[in-house]
Amino acid sequence: MDRLHSMRVFSRVIDAGSFAGAARELNLSPAVVTRLVADLEEHLGARLINRTTRRLALTDIGELYLERVRLVLTEVEEAEALASAASSEPRGHLRVLSPPAFAVHQLAKHLPTFHEQYPKVTIELSAPGPVESVDENFDVTILSVARRPLDGDFVARRLARSEVIACASPQYLDRRGRPNHPRELEHHDAMLPSAMREVPFLRGAFGDDEPGGETVTLAPKRPLLATTHIDMLYAAALHGLGVAGLPSFVVEDALLEHVLERVLPEWRLFNATIYAAMPTRKHVPARTRAFVDFLVSVFGGEDRDPWLSAAGCETQRATRAQ
């Protein structure tokens, strides 16, 4: 029995929450995954997992063993990283976690260039939904952080800042008119994330206490469309359903192609900073460093919005009070 391989399979079963899920991620059959875990239990002389028809649950021994297994696997990864760091060409498998919208609208179009530069690096991208924190099961986690400090046991590099702006199709605006002030949006069809009850529009230079700035908060009684899916808001806006608040990294191409138009260009909704974060380790694999360095070079790594700049519609700053 390849004990290290069995440890990896056991750890992945717990992470995936099922033998079938681990089998899919590892490209193995469920029968092989089940047998490897059973062989490991037989070798240890202890049951690690209680199996029921609904879920898997670690035994007390299984919890202790999993903690040690993760440490062993981390040490193995660091040893492999030392070896790969000696190579001039990054190689190996990279696991990346990203919010879906960033993966679709940004990562996807830049991955071909990354592959050209690093043809021996393969990527497994997971984008199940909003990403709230760094996941140690991934080599790189893409985070979008607004209004809260970034802290934790990880190393993060800023990629860029993204403004959330109001957008609508030119056809919709031709039909309903182009508002000159946020208050005029009360007479328009609004599309919002499901959890958003109030919409703060800000005008002025960036910062919380800028002189001369202005804030207008709207509370739509019933948005025409409410959803947690950013790309649904994006698609509905493209088809002329109404006005939506969307991140600049989502609408960059649509603004360039004039299929979406920025509404109230002097105003913004809020900003989010995009980071690429890595779990804290003594030795970061060359493939991980190469990927993060690539993202920083693509997006600039600065406290500015490269997507609005590329589309030629950066927020106009209010003049400071004299």
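Nearest heavy atoms, Pro179 versus His188: CD-NE2, 4.0 Å.
Between Glu302 and Arg158 no salt bridge is recorded (no basic side-chain N to carboxylate O distance below 4.0 Å). Looking at Asp303 and Arg161, a side-chain N of the basic residue comes within less than 4.0 Å of a carboxylate O on the acidic one, giving a salt bridge. Salt-bridge formation is detected for the pair Arg51/Glu41: a Lys NZ or Arg NE/NH1/NH2 atom is positioned less than 4.0 Å from an Asp or Glu carboxylate oxygen. Ion pairing of Glu42 with Arg35 is absent here, as no side-chain N (NZ or NE/NH1/NH2) approaches a carboxylate O to less than 4.0 Å.
To the nearest 0.5 Å, the span separating OH on Tyr65 from CG on Leu40 amounts to 4.0 Å.
No side-chain donor-acceptor contact under 3.5 Å links Trp307 and Glu163. The closest side-chain donor-acceptor pair between Asn50 and Thr59, if any, does not fall under 3.5 angstrom.
Listed by first then second residue, pairs satisfying salt bridge (charged side-chain N to carboxylate O under 4.0 Å, His left out) with a partner in residues 58-73 read Asp15-Arg70, not counting sequence neighbours.
Each of Ile142, Val145, Leu97 was evaluated against Val131; a single residue qualifies, Leu97, per the side chain to side chain contact (heavy atoms under 4.5 Å, CB included) test.
Taking the six-membered ring where tryptophan is involved, the planes of Phe291 and Phe294 are essentially parallel, since the angle between them stays under 30° and well short of 60°.
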Sequence neighbours excluded and cut-off under 3.5 Å, please list the side-chain donor-acceptor pairs for residues 231-240, or say none.
from, atom 1, to, atom 2, distance (Å)
Asp231, OD1, His105, NE2, 2.5
His239, ND1, Ala235, O, 2.8

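Remark: side-chain polar atoms of Arg287 are paired, donor with acceptor, to backbone N or O of His93 under 3.5 angstrom.
Listed by chain and number, the residues in a ring-ring contact (aromatic ring centres under 6.0 Å, His included) with Phe201 amount to none (sequence neighbours excluded).
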